[in-house]
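Protein chains get the first letters and strands the later ones, always in sequence-line order, with residue 1 at the start of each.
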Amino acid sequence: MPFLISLNPILITNTDQMRYPFQEVESKWQKFWEEKEIYKTDLSNLSNKLYHLNMFIYPSGAKLHIGHWYHYGPSDTWARYKKLQGYNVFEPMGFDAFGLPAENYAIKTGVHPQDSTLKNISDIRVMLKRMGTMYDWNADLMTCVPEYYRWNQWLFLQLYKKGLAYRKNAPVNWCPKDQTVLAREQVLSDGTCERCGTVVVQKNLTQWFFKITDYADELLEGLNKIDWPEKTKIMQTNWIGRSYGAEVDFKIYGSSESIKIFTTRPDTLFGATYMVLAPEHPLVDKLTTAEFKGKVEAYRDSIKSMTEIDRTSTGKEKTGVDTGAFAINPVNGKKIPIWIADYVLMTYGTGAIMAVPGQDERDWEFAEKFGLPIIRTVQPPENFDGKAYTEDGPAMNSDFLNGLYVDDAKKKIINWLEEKGIGKKTINYRLRDWLISRQRYWGTPIPVVHCDKCGEVAVPENQLPVVLPYNVDFKPEGGSPLAGNSEFVRTKCPQCGGEAERDVDTMDTFVDSSWYYLRYLNPRYDKGMFDPKLANEWTPVDTYVGGAEHAVMHLLYSRFIHKFLRDIKLVNSDEPFTKLIHQGTITNQGAKMSKSRGNVVDPNSFIETYGADVFRMYLMFMGPYELGGDWSDKGIIGVDRFVQRTYSMFESYSNVAKENPSKEKYNLDELNETEKVIYRKTNQTLEKVSVEIDNFRFNTAVAALMELLNELKNLNECRKDFQTYSLERFAFMLSPLAPHLGEECWRLIGKEKSLFEKPLTFGVDEKALSVDNVTVAVQVNGKVRAKIEMSVNLPQDDAKKIVFADERVKNHTEGKQVVKEIYVPNKIYNIVVK
RNA sequence: GCCGAAGUGGCGGAAUUGGUAGACGCGCUGGACUCAAAAUCCAGUGGGGCUCAAACUCCGUGCCGGUUCGAGUCCGGCCUUCGGUACCA
């Protein structure tokens with residue numbers, strides 16, 4: 001007796017109205033798939049291999065939310081579809097288990113991050129299975145165990161050896177009360193700490209960096225070789241921000257010091273009427289004159305709590321102060337004042353600029369406000385009425401550059417600078433080195449020891465892992481929790497054996513996620529980071545699915561690490577992810593779902609009411625996968641109806657396939673009218689569904705199946721073996737979208753083997769796609785005036801006769817002069833009249 | 001602010017390359033079934049004009065302008081919303 005959701009006893013007597021018993025069916029097939037191990041990928045079989053990867057889960061809560069379902073459900077549909085097509089699909093799943101939220105949770109509740117994380121992971125694993133995904137759980141991994149993170153440490157050491165891991169000062173958001181570093185999201189919009197309300201300031205700390213800038217050029221050029229969304233490549237290009245220009249030294253008046261600046265417009269050097277240093281620039285203290293010291297200090301104080309975004313906002317009024325010092329413009333020997341201003345950042349270029357108000361909007365605004373001189377050095381066009389002129393034009397007021405256009409002027413001045421030894425051509429990047437230190441507990445300890453005698457000493461490889469201790473205090477204030485664990489901190493120097501202290505910083509979790517796709521291939525491999533043989537065979541990843549919010553950081557870091565691993569001969573490819581797909585974001589009432597907003601929608605109520613297949617298919621049906629959208633359950637009933645109708649249709653044809661095997665193909669001539677229509681529609685749908693799923697357009701794939709179902713209501717007018725033909729194809733197309741239901745329908749018509757146990761694919765009968773007649777739209781002056789049925793590929797002469805014989809066309813053309821006729825066969829016939 | 005997207009009926013959306021705007025679904029309206037309701041099934045459904053109805057016709061893809069025989073699609077300028085902005089992941 002099938003399970004019934006409704007408790008209404010009337011339904012039991014009315015078997016025709018039996019609802020699809022999803023709970024029974026779903027658990028049945030999940031059990032079946034697991035027992036038969038149909039998801040286990042044989043990694044030794046390389047023919048038709050396909051590595052399909054999803055960005056792994058961040059287990060911040062014990063539940064899957066709608067966003068997870070939206071990401072993983074459709075992506076799994078794609079993988080299942082590929083499996084049916086005969087690919088040997090590897091689709092793993094794991095847990096990005098380190099990170100800040102678990103630590104915040106510990107501060108709030110006292111639950112240790114390890115305990116809450118492991119609990120969340122085991123809950124999530126169960127729910128991922130209930131979703132009907134085909135992950136290979138043999139490849140399951142989590143980043144918070146020594147077995148995984150020791151290889152982060154090993155990676156760190158390799159980078160360190162090559163000089164690509166180093167320490168320097170960098171500004172961070174600092175809460176003076178909590179004595180701790182804050183993420184940008186922990187700083188409220190008014191610039192205060194989310195925990196204690198204190199105004200957050202910028203503070204310099206010594207931090208570990210990975211030298212990603214060494215790979216900047218290759219990271220740019222590699223973008224041409226990968227099949228990624230254009231917008232993502234553009235964002236990475238802009239993020240790296242390569243610009244060509246020059247470095248120029250400006251002598252400081254009355255001093256032996258000089259200021260090095262970077263400019264992309266060396267051609268405008270004659271228009272440099274003042275200089276600006278970043279307020280943090282080391283020279284500021286040296287060159288500020290006594291009478292300006294007070295103002296400079298006050299200014300530095302006033303911008304202490306400003307973020308880079310605030311500082312560089314062109315919408316904000318410019319601020320700055322004079323240092324009282326002067327520099328010498330090297331091209332004309334003029335004395336120009338040196339200012340400091342927040343719109344110049346220490347982290348970009350050299351932290352100093354020459355200001356050319358004539359050709360730069362920010363400089364113009366600044367000069368205007370503070371009464372600094374403005375000299376145009378590029379001739380604006382006659383009708384130009386703006387302020388700074390930033391476009392191309394002939395140089396003016398520029399001595400030996402006069403008359404030259406920007407490109408030529410740049411070349412000439414760079415030669416001049418290089419000859420005189422006061423400047424040179426340079427390439428500058430917006431990209432900064434990757435700051436990997438975190439003053440946090442829940443992450444990978446940095447494998448470095450600080451020794452009074454030997455200084456900074458890397459932990460030898462054979463002493464890895466440096467295990468993250470369990471016992472620490474989670475106080476909201478007081479810096480890194482690891483610093484409070486003396487057992488951890490106190491150690492011996494690996495070099496001299498003397499007393500030493502461990503580095504108490506942990507690594508950015510983006511380190512974990514920059515190579516996990518390699519570890520999946522054998523998560524328990526203990527001879528290295530990952531099995532290099534499998535890595536060479538199975539990577540790059542064929543398709544990678546994840547949110548666009550990772551467009552620059554994660555996706556740039558993993559490209560960098562992959563290239564580094566190639567350089568130390570561990571992988572043989574240049575790029576980690578060949579094809580990239582972004583699923584959209586599901587919002588609720590216009591906002592990202594989050595606990596703090598209280599707008600999280602729990603998928604479980606829908607799973608309980610409609611089942612996993614309906615929910616998953618509804619998410620696909622909602623709209624384009626890459627777009628996401630605002631959550632609404634309004635249409636889910638439509639998908640549920642589709643599922644109910646599908647199920648009852650298959651029920652009413654039970655065992656039809658067993659008793660009446662179908663033919664491979666049918667000849668259109670031997671079919672009756674209904675069969676002909678259904679045959680065409682079935683094959684059109686096969687074609688459509690295949691193209692749509694292939695391109696991650698699940699919404700239109702579901703719609704196509706709905707259309708086919710509508711057509712199949714006349715299936716009873718068809719002969720039995722033809723019914724089999726249509727139904728087995730229907731179940732086949734359904735099964736990647738609604739895997740449990742697909743399998744069940746397949747079984748209902750009497751198929752012995754499970755679809756996913758023994759994958760098979762149905763090809764399209766191309767002959768069924770051809771049509772005899774098409775509707776051609778007839779336009780007069782671009783407006784549709786008639787729609788006429790014509791035979792396919794009709795020559796223009798014949799089409800013309802039909803078109804001009806039409807009453808409606810006559811009405812709009814008679815008495816007028818036909819100027820032009822445009823005929824696009826099978827589509828449109830446009831007549832232009834005067 | 002900067003970088004990157006998106007905006008189409010009452011609603012989610014479709015229109016693969018510049019060629020019939022609104023597929024599919026929700027909702028709504030009417031009908032069938034029912035004592036009644038729910039469920040299900042059938043039909044209609046962008047807005048306006050004219051009309052018993054049909055036919056016909058005008059307007060319509062965020063706003064303004066442009067290119068083209070033809071623009072949801074291409075170009076320029078805005079508006080709104082979303083993602084990222086380097087310690088959330």
Side-chain angles (χ1 to χ4, degrees), chain A residues 6 8 11 14 16-17 19 55 58 60 96 98-101 104 170 172-173 180-186 207 229-232 234-235 237-239 241 307-316 347 430-440 508-510 513 547-554 556 582 584-585 587 590-592 594 618 621-624 626-630 632 634-639 641-642 644-645 691-692 695 697 699-700 702-707 710 713 775-784 786-787 808 811 819-822 824 827-832:
Chain A
S6 173
N8 188 339
L11 277 180
N14 190 349
D16 291 343
Q17 297 282 309
R19 282 183 59 85
M55 288 183 187
Y58 180 72
S60 63
D96 189 10
F98 273 141
L100 181 61
N104 283 341
V172 292
N173 295 314
T180 190
V181 180
L182 299 177
R184 199 168 66 98
E185 71 158 18
Q186 295 178 290
Q207 318 242 38
E230 213 45 49
K231 63 160 186 170
T232 310
I234 290 169
M235 278 190 269
T237 303
N238 293 336
W239 183 264
T307 65
E308 248 173 48
I309 294 173
D310 298 333
R311 285 176 54 166
T312 52
S313 163
T314 52
K316 154 188 159 301
T347 47
R430 206 189 74 98
L431 178 70
R432 308 205 288 252
D433 277 339
W434 175 10
L435 195 168
I436 60 133
S437 341
R438 297 291 180 268
Q439 286 69 47
R440 314 259 184 228
D508 181 4
T509 53
F510 280 132
S513 56
E549 65 271 22
H550 293 295
V552 274
M553 308 191 72
H554 160 60
L556 197 62
H582 294 305
T585 317
T587 55
K592 211 172 165 180
S594 72
Y618 174 59
F621 186 60
M622 267 174 50
E626 312 208 0
L627 240 135
D630 205 44
S632 157
K634 269 191 173 170
I636 194 167
I637 188 82
V639 175
R641 280 181 197 147
F642 167 74
Q644 300 302 337
R645 288 167 60 204
V691 172
E692 299 304 282
N695 290 291
R697 290 191 293 258
N699 53 332
T700 44
V702 175
L705 267 189
M706 286 175 167
E707 282 188 55
N710 291 342
K713 69 187 169 201
T775 307
V776 172
V778 184
Q779 301 181 334
V780 180
N781 288 347
K783 283 190 175 171
V784 179
K787 293 173 187 181
R808 290 160 296 190
N811 285 342
V819 184
K820 199 173 177 181
E821 288 166 61
I822 297 111
V824 182
K827 289 214 166 126
I828 214 150
Y829 198 109
N830 190 10
I831 304 157
V832 185

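- Side-chain atoms of A:R641 lie closest to B:C26 of the nucleotides B:C26, B:G25, B:A86.
- Among the atoms of the strands shown, base atoms are found under 4.0 Å from some heavy atom of A:F510.
- Rounded to the nearest Å, the gap between the C1' atom of B:G77 and that of B:G22 is 29 Å.
- Summarising the geometry, the separation between CD on A:E308 and P on B:C87 is reported as 10 Å, rounded to the nearest angstrom.
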One pair to check against side-chain contact (heavy atoms from CB on, under 4.5 Å): A:E549 and A:H554. What are the steps and the verdict? CA-CA 9 Å; A:E549 65 271 22; A:H554 160 60; over 6 Å; no
Between the protein and nucleotides 55-59 of chain B, which nitrogen or oxygen pairs are less than 3.5 angstrom apart?
{"from": "B:U57", "atom 1": "OP1", "to": "A:H812", "atom 2": "NE2", "distance (Å)": "3.1"}
{"from": "B:C58", "atom 1": "OP1", "to": "A:R785", "atom 2": "NH2", "distance (Å)": "3.3"}
{"from": "B:C58", "atom 1": "OP2", "to": "A:R785", "atom 2": "NH1", "distance (Å)": "3.2"}
{"from": "B:C59", "atom 1": "OP2", "to": "A:K783", "atom 2": "NZ", "distance (Å)": "3.3"}

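- Counting non-hydrogen atoms under 4.0 angstrom, A:V832 reaches the backbone sugars and phosphates but no base.
- Taking a pair as Watson-Crick or G-U wobble with both distances under 3.5 Å, RNA chain B forms stems of 3 or more consecutive pairs at B:1-7 with B:79-85, B:10-12 with B:24-26, B:27-32 with B:40-45, B:46-49 with B:56-59, B:62-66 with B:74-78.
- Counting heavy atoms from C-beta outward, A:M622 and A:N699 have side chains that stay 4.5 Å or more apart.
- Counting to the nearest Å, the P atom of B:A86 and the CD atom of A:Q186 are 13 Å from each other.
- Both A:D96 and A:T775 lie close to RNA chain B; mapped to their nearest nucleotides by heavy-atom distance, the more 5′-ward contact belongs to A:T775.
- Checked against B:G1, B:C69, B:U20, the side chain of A:N830 finds its nearest nucleotide in B:C69.
- Listed nucleotides B:G19, B:C26, B:C87 differ in distance to A:L435; the shortest reach to its side chain belongs to B:C87.
- Using a 4.0 Å heavy-atom distance criterion, A:R645 is classed as a sugar-phosphate-only contact.
- A straight line from CD1 of A:I637 to P of B:A39 spans 8 Å, rounded to a whole angstrom.
- Atom name P, nucleotides B:A39 and B:C58: the rounded distance is 42 Å, in whole Å.
- Relative to the side chain of A:T312, the nucleotides B:C87, B:U20, B:G1 differ in distance, and B:G1 lies closest.
- Listed here is the closest heavy atom pair of A:K634 and A:Y618: N-OH, 3.9 Å.
- A:K827 NZ: 12 or fewer foreign heavy atoms inside a 6.0 Å radius.
- Ranking B:G83, B:C87, B:U20 by closeness to the A:E549 side chain, first place goes to B:G83.
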Side chain to side chain donor-acceptor pair (under 3.5 Å) for A:D630 and A:T587? Distances and angles first, verdict last. CA-CA 5 Å; A:D630 205 44; A:T587 55; 2.7 Å; yes
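- Taking atom P in both B:U73 and B:G62, the straight-line distance is 8 Å, to the nearest Å.
- Note on A:I831: nothing from the nucleic acid sits closer than 4.0 angstrom, heavy atoms only.
- With both ends at atom P, the span from B:A53 to B:A5 equals 50 Å, rounded to whole Å.
- Using a 90° window around 0 for the glycosidic torsion, B:G9 falls inside it and is classed as syn.
- Between B:C28 and B:U81, the distance separating the two P atoms is 31 Å to the nearest Å.
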Base-contact (B) and sugar-phosphate-only (S) positions in nucleotides 2-18 of chain B, heavy-atom cut-off under 4.0 Å, - elsewhere: -SSS------BSS----
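- What separates CG of A:D508 from C1' of B:A89 is a distance of 9 Å, to the nearest Å.
- Nearer the 5' end of RNA chain B, as judged by each residue's closest nucleotide, is the contact made by A:V824, out of A:V824 and A:R438.
- Using a 4.0 Å heavy-atom criterion, one finds that A:H554 contacts no nucleic acid atom at all.
- Looking at heavy-atom distances under 4.0 Å, A:S437 makes contact with a base.
- Taking the side chain of A:K787 as heavy atoms from C-beta on, and the options B:C87, B:U20, B:C69, the nearest nucleotide is B:U20.
- Distance alone, capped at 3.5 Å, places no donor-acceptor pair between the A:N830 side chain and the A:I822 backbone.
- Taking atom CG on A:D433 and atom P on B:A86, their separation rounds to 16 Å, with Å as the unit.
- Put simply, the residue from A:Q207, A:R438, A:Q439 that forms a side-chain contact (heavy atoms from CB on, under 4.5 Å) with A:V181 is A:Q439.
- The shortest side-chain heavy-atom distance between A:W434 and A:M553 does not fall under the 4.5 Å cut-off.
- Qualifying ring-ring contact (aromatic ring centres under 6.0 Å, His included) partners for A:F510, counting only residues two or more places apart in sequence or in other chains: A:Y557.
- Look at A:E308 and A:R432 and you find a salt bridge, because one of the NZ, NE, NH1 or NH2 atoms lies within 4.0 Å of a carboxylate O, short of that distance.
- Looking at heavy atoms from C-beta onward, A:L100 lies in side-chain contact with A:Q186 at the 4.5 angstrom threshold.
- Note on A:L182: only backbone sugar-phosphate atoms sit closer than 4.0 angstrom, heavy atoms only; bases stay farther off.
- When the C1' atom is compared between B:A23 and B:A14, the two are found 5 Å apart, to the nearest whole Å.
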Run the side chain to side chain donor-acceptor pair (under 3.5 Å) test on A:T307 and A:D310 for me, step by step, so that the C-alpha distance in whole Å, both residues' side-chain angles and the decisive distance to 0.1 Å come before the verdict. CA-CA 5 Å; A:T307 65; A:D310 298 333; 3.1 Å; yes
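- Nearest nucleotide to the A:M706 side chain, out of B:G1, B:A89, B:G25: B:G25.
- Atom C1' of B:C63 sits at a distance of 15 Å from the matching atom of B:U8, rounded to the whole Å.
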Would you sort out whether A:E821 and A:Y829 count as a side chain to side chain donor-acceptor pair (under 3.5 Å), showing the intermediate values? CA-CA 7 Å; A:E821 288 166 61; A:Y829 198 109; 2.5 Å; yes
Please write out each protein N/O paired with an N/O of nucleotides 29-31 of chain B under 3.5 Å, distance rounded to 0.1 Å.
none

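- The shortest heavy-atom contact between A:F98 and A:T509 is O-CG2, 3.4 Å.
- The side chain of A:R184 has B:U85 as its nearest neighbour among B:C69, B:U20, B:U85.
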Can you name the atoms? Protein N/O to nucleotides 73-78 of chain B N/O, anything below 3.5 Å, with the distance.
none

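- Using a 4.5 Å cut-off on side-chain heavy atoms (C-beta onward), A:K787 and A:V784 make contact.
- Using a distance-only test at 3.5 Å, with no hydrogens or angles considered, a donor-acceptor pair links the side chain of A:T700 to the main chain of A:R697.
- For the residue pair A:R645 / A:N710, a side-chain donor-acceptor distance below 3.5 Å is found, with atom types taken as modelled.
- A:I309 places a side-chain heavy atom less than 4.5 Å from the side chain of A:R184.
- The separation of B:C11 from B:C64, taken at their C1' atoms, amounts to 28 Å, rounded to a whole angstrom.
- The two residues A:A548 and A:K231 have their closest heavy-atom pair at CB-NZ, 3.9 Å.
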